[in-house]
Q: 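Pasting in a structure now, in structure tokens, and then I'll have a few things to ask.
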Amino acid sequence: FYALDMFPYPSGAGLHVGHPEGYTATDIVSRYHRAKGYNVLHPMGWDAFGLPAEQHAIKTGQHPRENTATNVANFKRQIKELGFSYDWTREVNTTDPGYFKWSQWIFLQLYNSWFNPETNKAESIDTLTYPDDLTTEDQKREYRDNHRLAFVSHAPVNWCPALGTVLANEEVIDGKSEWGHEVIRKPMRQWMLRITAYAQRLLDDLQLVDWPESLKKMQSDWIGRSEGAEVDFQVDGLDKKLRVFTTRPDTLFGATYMVLAPEHPLVDPITTDEQRDAVKAYQDAAAKKSDLDRTDLAKEKTGVFSGGHAINPVNGAKIPIWIADYVLISYGTGAIMAVPGHDTRDLEFAQEFDLPVIEVVEAPGDEENIGFTGNGVSINSDFLNGLPTPEAKQKIAAWLEEKGLGEKTINYKIRDWLFSRQRYWGEPFPIVWKDGHHEALPESELPVLPPDLDDYKPTETGEPPLARAADWVNRPDGTTRETNTMPQWAGSCWYYLRYIDATNDASFCGAEAEKYWTGQTDNSGPDAKPGVDLYVGGTEHAVLHLLYSRFWHKFLFDLGQVSTPEPFHRLVNQGLILGEVEYTLFKDAEGDPVSATELKDIAEEATETGLKMAGIHKQSGEKLFGEKITEEDAVQDGNHSVFAQDKAIRLDARSFKMSKSRGNVVNPDDVLAQFGADAFRLYEMFMGPLEMVKPWTTKNVAGVYKFLGKVWRLFIDDASDTEFEQNLTTDAGNGESHLAAVKLAAGIQDVEPTKEQNKALHTCIKKVTEDLDHMRFNTAISAMMIFVGEAQSWNAKPASVLRQFLQLLQPFAPHLAEELAAKLDALSGKAFKTLTYDAWPAVDESFLTEDSITLPVQINGKVRDRIEVAADASDEDIEAAALASEKVKSQIEGKTVRKIIIPKRRLVNIVAN
RNA sequence: GCCGGUGUGGUGAAAUUGGCAGACACACGGGACUUAAAAUCCCGCGACCGUAAAAAGUCAUGCCGGUUCGAGCCCGGCCACCGGCACCA
């Protein structure tokens, strides 16, 4: 059983409370599976290349390796303190040469492969066949280089001047970098990975995995498959064809103009002399716009007429060709046929520039035809008239193909992956340049180590920092090294495979080990699945790491290097932990706190009375006068009792994402110091379902801490406990030996459990086991709380029952559970057997059956009474018992009983009127 | 704008297949123990109505409607919040 966590970037700030949430979940699942007899792979490592370490290096001049090592040590300390059962012999660090040697090796495989569309698989570049008209070696080389899965591109890329590096599309958010710096488009020589070749497989294979639907959706949206047709329009007066992509070929009769992206190669030839200056100016302006500007101006359509015209192939109509930046060069063919009648953007543009609009689809119902973009029936479209949209699409596509005017095509939004960065702290490429051509270094030269530098700053020219190391760049054989480095994702793309065989220096991951842990083998457990069995992490990687990893994995699968098509079988997203709930105290204009009822009145009258207010009342939408207060203040404000008891104020109790600027970050070290690791683990699991977003409440940590105290007192003799605490206070350093002196409670004996005791235990075993199978940790904990509450009242406590309970507790609170188990075993005179490798208790259903059961009796769906019947009572017996109830009798008096329903003997419902 | 998720007491939340709404906790109130406090243990705790106290009753899972003997859960229509995508033709 392979239980995997998303490995952290070891930042200088240390662990935040979000990290241990997922880690605790996988640790519990790992411990549970060990107890069930599985061999469990549960590793941890460090995604340690990255920008913060590099910026620290720029500031201090210290090598990023040093700062990274410090941060890793701190993370490791914090993680170890939490008692996670990681196999540290498999620890990986993406910045170790022994690790990134294999990142570079995988890159070499990509470089030396191409994607064969016939087989739909990656193959060695040696199997590539060349078109007959390529005769010279140079031509063949160019053809070959253009087919590699790792290739060089000169296309415009996302350049971030502030960071001094380029970024992948997935890393640009709203036209800005993750850190909020502006990103502009700029043509540069870059390494790309051909992820687009895998678009369809990445989409299809989402069916193979057990992932949250929302996350699959995000990936499929990102891949962005759309079916449509490409259509050729003849350019009027020129021997050129203008090819467009459309998902609505059925609206071809409604195309009243065309639009080219400003970067489109046909812009120049079709522009007339009168329009040339205007077009040139528009192109220049568009080139200067950053992506942010382009999205900011999304509401206002801009464009310029080229002067040229095209011929609509279906009706010979001469339509004008415009240039506008709402058409993107990077999607489809970089040109569109505009159908303003049935496309929102085209309509806006047509209205802005007074272009004709034709209706060609009849909208269903009483909807307006113009502006209707859904499926309807074709009109004003000659041979398509009367056809519903899907059929019209089929017919026009067949017509276009027959006439050689176009064909059905599929387009994807996903772009090739920009894989180079102008940074120091990343894997150097195993590539050298010679006479303007790139060449792969042989495997024997791996790992390629980065040179030491005095200055890690990015250069203004966009040259990577590695270019400063002239000795390193210029090799004795006359070749020069590639000076870009790989992005942080390179290391995280395949780390889960390295854990499997972490110390192998002959292979990135041995085939045997890979099959054992992720493939199906004879000794796979009953619920083993191909790939990592369980992967837990946040949603922030939905389209970055998780897409890149799947791509690399599929590539390695094609090469026969891994045995499964998908890397992660089951994926669970932990929900974000927010900061403590914040309350707002509302005051009136005089500064007096207002009560909830007053609050409502004030909200209603706000505009008329002209009160000065701040904040928004959620329901009324009215503005309110407010100031931030703590929950304690709220409760103490008894006179106005606004906060503790009233709904209205709850609307204004909110929690926010933890952030330094808001000052609501919870440091795990502080929580551990106060409550210990077990309480911390337990709290993170008790706060709610793993997948849900939930606020942190330190008071509730005290709650589970109290529960652990109850468990302790259940086992431990009072007098020795008091002594233990006193000794700890006066002589804390000897905790271990004081602990050894603590005695078990006298009530704990090697005796046979009573029926009630067995029932309590097995109810708990059943609930905890079922909940763990479904990762419902919060309710498993409440089941254990119920057991402990009951066990507290027992005079004689059977050691066997308590030991089984400890086995249930162990995955959640291993420190306490193991300590108490050791004491129990000593009582029984047995050698201590660690809970970690002891068997999970089995449920004995016979203890759960009852002699009699209590059923609620409803009259017309409302519970009126409860009856007790024998466990094996028939429906007739139950019915009779229900009708015999005094309360039932008085309720149905004067009414006719229409029907009595006894579903699965869980309740009785009497229908009477 | 489109897509997804969520909405239940003062708070975090339970309710596993349509079958007793609020498990388990936090907070709060009361009590026991204590010189006192902390800790611990016990009791109460959705709202309304009612009562000396109870009992009984009514309402209640964002809002409006539907299906059903029965709806937090299913269906239709809305609202709010959170997240994702967003000129992708």
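Naming: A, B, ... by sequence-line order, numbering from 1 per chain.
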Q: Measure the spacing between CD1 of A:Ile410 and CD of A:Glu227 and express it to the nearest 0.5 Å.
A: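 Nearest 0.5 Å value for the CD1-CD distance: 5.0 Å.
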
Q: Expressed as a whole number of Å, how far does the C1' atom of B:A52 sit from that of B:U61?
A: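 B:A52 and B:U61 have their C1' atoms separated by 35 Å.
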
Q: Which of these nucleotides, B:C24, B:C20, B:G12, is closest to any side-chain atom of A:Val863?
A: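 Closest nucleotide to the A:Val863 side chain: B:C20.
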
Q: Scan A:Thr539 against the nucleic acid and name what it touches under 4.0 Å (heavy atoms): base, sugar-phosphate only, or nothing.
A: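 Since no nucleic acid heavy atom lies under 4.0 Å of A:Thr539, the category is nothing.
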
Q: Whole angstroms only, please: what is the OH-C1' distance between A:Tyr331 and B:C87?
A: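 Value for this atom pair: 12 Å.
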
Q: Tell me, do A:Asp678 and A:Tyr705 make a side-chain contact under 4.5 Å, heavy atoms counted?
A: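 No. Closest side-chain heavy atoms not under 4.5 Å.
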
Q: Using the C1' atom on both, measure B:A15 against B:C73 and round to a whole Å.
A: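 About 10 Å, rounded to a whole number of Å.
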
Q: Could you please name the option among B:C41, B:G19, B:C24 that lies closest to any side-chain atom of A:Arg906?
A: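 Of B:C41, B:G19, B:C24, B:G19 is nearest to the side chain of A:Arg906.
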
Q: If a pair means Watson-Crick or G-U wobble with both distances below 3.5 Å, what does RNA chain B look like in dot-bracket form, with | marking bases paired to a different strand?
A: (((((((..(((......[....))).(((((.......))))).(((........)))..(((((..]....))))))))))))....

Q: Between A:His774 and A:Arg864, just flag the one whose closest nucleotide in RNA chain B comes earlier from the 5' side.
A: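 So the residue in question is A:His774.
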
Q: Given the P atoms of B:A71 and B:C59, what is the spacing between them in whole Å?
A: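 Between the two P atoms, the distance is 13 Å.
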
Q: Whole-Å distance between B:C24 C1' and A:Phe787 CZ?
A: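 Distance check: A:Phe787 CZ to B:C24 C1' gives 16 Å.
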
Q: Could you pull out the protein-nucleic contacts involving nucleotides 66-75 of chain B (nitrogen or oxygen on both sides, under 3.5 Å)?
A:
residue, atom, partner, partner atom, Å
B:C69, O2, A:Asn909, ND2, 2.5

Q: Can you check the A:Asn700 CG to B:G10 C1' distance for me, whole Å?
A: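 So the CG-C1' distance, A:Asn700 to B:G10, works out to 13 Å.
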
Q: On a whole-Å scale, what distance lies between the C1' atoms belonging to B:G46 and B:A23?
A: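 The same atom, C1', in both gives a distance of 15 Å.
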
Q: Centroid-to-centroid, A:Phe787 to A:Trp794, below 6.0 Å?
A: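 Ring centroids of A:Phe787 and A:Trp794 are less than 6.0 Å from each other.
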
Q: Check every atom of B:U58, B:G12, B:A13 against the side chain of A:Met692 and return the nucleotide holding the closest atom.
A: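 From the listed options, B:A13 comes nearest.
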
Q: Measure the acute angle between the ring planes of A:His541 and A:His545, then classify it against the limits of 30° and 60° as parallel, tilted or perpendicular.
A: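 The rings of A:His541 and A:His545 stand perpendicular, inter-plane angle above 60°.
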
Q: By the 4.0 Å heavy-atom rule, please label A:Phe686 as base, sugar-phosphate, or nothing.
A: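 It contacts base atoms.
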
Q: Can you check the A:Lys862 NZ to B:A21 P distance for me, whole Å?
A: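 Distance check: A:Lys862 NZ to B:A21 P gives 10 Å.
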
Q: With a non-hydrogen cut-off below 4.0 angstrom, is A:Arg898 in contact with a base, only sugar-phosphate, or nothing?
A: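 A:Arg898: no heavy atom of the nucleic acid under 4.0 Å.
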
Q: Nearest-Å distance, CG (A:Leu544) to C1' (B:C85)?
A: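 Rounded to the whole Å, the gap is 14 Å.
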
Q: Could you go through nucleotides 2-5 of chain B and list every protein N or O atom that sits under 3.5 Å from one of its N or O atoms, giving the distance for each pair?
A:
residue, atom, partner, partner atom, Å
B:C3, O2', A:Lys217, NZ, 3.1

Q: Does any donor atom in the side chain of A:Asn411 or A:Ser226 lie under 3.5 Å from an acceptor atom in the other side chain?
A: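 On atom types as modelled, these side chains do not qualify, holding no pair under 3.5 Å.
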
Q: Scan A:Gly703 against the nucleic acid and name what it touches under 4.0 Å (heavy atoms): base, sugar-phosphate only, or nothing.
A: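 If one applies the 4.0 Å heavy-atom cut-off, A:Gly703 turns out to touch the sugar-phosphate alone, with no base involved.
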
Q: Measure from the side chain of A:Tyr326, starting at C-beta and using heavy atoms only, and say which of B:A14, B:U16, B:C87 lies closest.
A: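 Of B:A14, B:U16, B:C87, B:C87 is nearest to the side chain of A:Tyr326.
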
Q: If I pick the C1' atom on B:U68 and the same atom on B:C74, what distance separates them, to the nearest angstrom?
A: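 Each nucleotide's C1' atom is 10 Å from the other's.
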
Q: Within the structure shown, what part of the strands sits under 4.0 Å from A:Arg225 by heavy-atom distance: base, sugar-phosphate, or nothing?
A: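 Touches nothing.
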
Q: Under 4.0 Å, counting only non-hydrogen atoms across every strand here, what does A:Asp346 touch: a base, just sugar-phosphate, or nothing?
A: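 A:Asp346: no heavy atom of the nucleic acid under 4.0 Å.
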
Q: If I take atom CD in residue A:Gln574 and atom P in nucleotide B:G83, what distance separates them, rounded to the nearest angstrom?
A: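 To the nearest whole Å, that distance equals 16 Å.
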
Q: Does the side chain of A:Val742 reach to within under 4.5 Å of the side chain of A:Phe715, using non-hydrogen atoms?
A: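 Counting from C-beta outward, A:Val742 and A:Phe715 never come under 4.5 Å.
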
Q: List the residues meeting side-chain hydrogen bond (donor to acceptor under 3.5 Å, both in side chains) with A:Asp865, not counting sequence neighbours, and say none if there are none.
A: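 With neighbours one apart ignored, the set is A:Ser885.
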
Q: Under 4.0 Å, heavy atoms only, any strand: does A:Leu907 hit a base, just the sugar-phosphate, or nothing?
A: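 The residue A:Leu907 makes base contact.
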
Q: If I pick the P atom on B:G44 and the same atom on B:A54, what distance separates them, to the nearest angstrom?
A: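 So the two P atoms sit 13 Å from each other.
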
Q: With rounding to whole Å, what would you report as the distance between B:G83 and B:G29 at their P atoms?
A: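 Per the computed distance, 35 Å lies between those P atoms.
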
Q: Please report, rounded to the nearest Å, how far the P atom of B:A13 is from the CH2 atom of A:Trp696.
A: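 That distance rounds to 14 Å.
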
Q: Please tabulate, one pair per line, each protein N/O and nucleotide N/O from nucleotides 77-79 of chain B that are separated by under 3.5 Å, including the distance.
A:
none

Q: Test of understanding: with ring pair (Phe, Tyr, Trp, His ring centres under 6.0 Å), list the residues that count as partners of A:Phe245, not counting sequence neighbours.
A: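 Counting only residues at least two positions away or on another chain, A:Phe245 forms no ring pair (Phe, Tyr, Trp, His ring centres under 6.0 Å).
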
Q: Hydrogens and angles aside, do A:Tyr412 and A:Gln200 bring a side-chain donor and acceptor to less than 3.5 Å of each other?
A: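 Yes, A:Gln200 and A:Tyr412 have a side-chain donor paired with an acceptor closer than 3.5 Å.
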
